[in-house]
Amino acid sequence: MSLIDKDRFNKLYDSDPPQYSDAIAIQKELKDKVVSKNGFNQIKTVAGADLAILKDEKKLVCGIIVFSYPELNEIERTWEVVDEEFPYIPGLLAFREGPAIIKTYEKLKEKPDVLILDGHGIAHPRGFGIACYVGVLLDIPTMGIAKKRLYGTHQEPRDVLGSYEPLFSKNGEQIGVALKTKKKTKPVFISAGHKIDLSTSKKIALMCVRGYRIPEPTRLADKYVAELKRGLANNA
DNA sequence: GCGACAG
DNA sequence: ATCTTGTCGC
């Protein structure tokens, strides 16, 4: 993260009531760093990341699993534990989970072509969700798959696997899609993070669906951190 | 002022 | 995210 003064980031976390206003300012500044063009040719691997909270320890456990694409065979998985230094504030999720994800990502031997995050990318009130945050700071292709809408308006997609409706910002720009990944379930929200476009993000999300509403990378990373949490709880 | 509000 | 039993729909 050489894009912003490291001191500025530290202040963000050190001050007791975390500086939300500066976190927002940082998002507005970094928003212009986002690249919406694909930063790759062929996608051979994708990865899913997720977190769990170790309530007792005031820590966060992050797990990332890398898969071959489009087969989705697991290639590698790794994890990391970090201190919980920022609260969950809608719109500022990246400041809470971003550091843990970045630290875990750096431990990967096999860097994925695209990293899928649990949350939004561009589909954010300031156009800089967690997928953009992680993508820009690491300068890697990222996309977001969220279970709930955070920002924007959309119509309900038909109840057919693969159908979707555009997600629009207040300015009328398309910032993502509400995608039906399974019949009789609510759609998931796809948006581009960094170095990737929306159509490619949507294509990847759909290619990663294996009978469940949540695409495999995210779904399995979720199970992974749940296991890690249990293991760490017993050990402690 | 009143709702909405990723994980 | 986390808590937490039964239960409605496919």
Side-chain angles (χ1 to χ4, degrees), chain A residues 13 18 20 23-24 26-27 30-31 34 48-64 79-104 115-136 142-154 158-161 167-170 175-194 198 201 205 211-215 217-230 232-233:
Chain A
Y13 295 98
Y20 306 141
I24 289 174
I26 288 174
Q27 293 181 319
L30 295 182
K31 174 185 179 182
V34 175
D50 197 23
L51 305 196
I53 302 170
L54 298 181
K55 200 171 183 180
D56 319 300
E57 299 296 317
K58 292 181 181 174
K59 292 179 183 297
L60 303 178
V61 206
C62 176
I64 297 180
W79 58 281
E80 187 59 82
V81 175
V82 306
D83 292 326
E84 178 181 345
E85 305 181 298
F86 204 94
Y88 168 67
I89 304 292
L92 299 180
L93 175 65
F95 293 93
R96 175 180 176 73
E97 307 192 339
I101 296 169
I102 290 174
K103 189 173 181 182
T104 308
L115 177 60
I116 300 174
L117 291 143
D118 200 346
H120 296 93
I122 290 299
H124 175 279
R126 287 172 291 284
F128 200 73
I130 192 167
C132 297
Y133 180 104
V134 174
V136 169
T142 59
M143 60 175 276
I145 295 184
K147 306 176 198 64
K148 298 175 183 176
R149 178 198 71 90
L150 168 65
Y151 174 75
T153 58
H154 69 90
R158 293 176 305 145
D159 193 31
V160 176
L161 199 170
L167 179 62
F168 295 110
S169 70
K170 242 170 185 175
I175 53 180
V177 295
L179 177 68
K180 204 78 164 188
T181 50
K182 181 176 171 49
K183 287 186 178 183
K184 298 302 176 181
T185 64
K186 303 255 58 180
V188 293
F189 300 83
I190 311 299
S191 61
H194 184 55
L198 179 59
S201 300
Y212 296 91
R213 181 172 85 114
I214 306 303
T218 299
R219 192 177 73 82
L220 296 175
D222 189 340
K223 290 181 58 179
Y224 180 36
V225 295
E227 296 170 8
L228 289 171
K229 181 177 180 177
R230 291 185 54 185
L232 294 172

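Naming: A, B, ... by sequence-line order, numbering from 1 per chain.
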Are the ring centres of A:Tyr133 and A:Phe95 closer than 6.0 Å? yes
Nucleotides 4-10 of chain C: which of its N/O atoms have a protein N/O under 3.5 Å away?
none

Write out the stems for DNA chain B, ordered by first number and formatted as range with range, counting runs of at least 3 consecutive Watson-Crick or G-U wobble pairs under 3.5 Å. none
Partners meeting side chain to side chain contact (heavy atoms under 4.5 Å, CB included) with A:Lys183 (sequence neighbours left out): A:Asp159
All salt bridge (Lys or Arg N to Asp or Glu O under 4.0 Å) counterparts of A:Arg213, not counting sequence neighbours: none
With no hydrogens and no angle check, is any side-chain donor or acceptor of A:Ser169 less than 3.5 Å from a backbone partner on A:Ile175? no
For residues 115-131 of chain A, the side-chain hydrogen bond (donor to acceptor under 3.5 Å, both in side chains) pairs (sequence neighbours left out) are A:Gln27-A:Arg126, A:Asp118-A:Lys147
If I compare all heavy atoms of A:Ala192 with all of A:Cys132, which pair ends up nearest, and what's the gap? O-SG, 4.0 Å
Verify the contact: side-chain N or O of A:Lys229 to OP1 or OP2 of C:dT2, cut-off strictly under 4.0 Å; return yes or no. yes
Would you please name every residue forming a salt bridge (Lys or Arg N to Asp or Glu O under 4.0 Å) with A:Arg96, sequence neighbours left out? A:Glu84
Examine distances only and state if a side-chain atom of A:Thr142 and a backbone atom of A:Ala131 form a donor-acceptor pair shorter than 3.5 Å. yes
So if I define the base as every atom that isn't primed, P, OP1 or OP2, how would nucleotides 1-7 of chain B read as a B/S/- string at a heavy-atom cutoff under 4.0 Å? ---SBBB
Walk me through whether A:His154 and A:Phe189 qualify under side chain to side chain contact (heavy atoms under 4.5 Å, CB included). CA-CA 10 Å; A:His154 69 90; A:Phe189 300 83; 3.4 Å; yes
A:Arg149 meets the side-chain hydrogen bond (donor to acceptor under 3.5 Å, both in side chains) criterion, sequence neighbours left out, with none
Once you apply a heavy-atom cut-off of 4.0 Å, does A:Ala52 come out as touching a base, just sugar-phosphate, or nothing? sugar-phosphate
Just how far, in rounded Å, is P of C:dT2 from CZ of A:Arg230? 13 Å
Dot-bracket for DNA chain C, 5' to 3', with Watson-Crick and G-U pairs under 3.5 Å, [ ] for crossing pairs and | for other-strand pairs: what is it? ..........
Residues at least two apart in sequence or cross-chain that pass side chain to side chain contact (heavy atoms under 4.5 Å, CB included) with A:Thr153, listed by chain then number, are A:Phe168
Using the side chain to side chain contact (heavy atoms under 4.5 Å, CB included) criterion, which residues pair with A:Glu80? Sequence neighbours excluded. A:Val82, A:Lys103, A:Thr104, A:Lys107
Using salt bridge (Lys or Arg N to Asp or Glu O under 4.0 Å) as the criterion, list what pairs up with A:Lys59, not counting sequence neighbours. A:Asp83
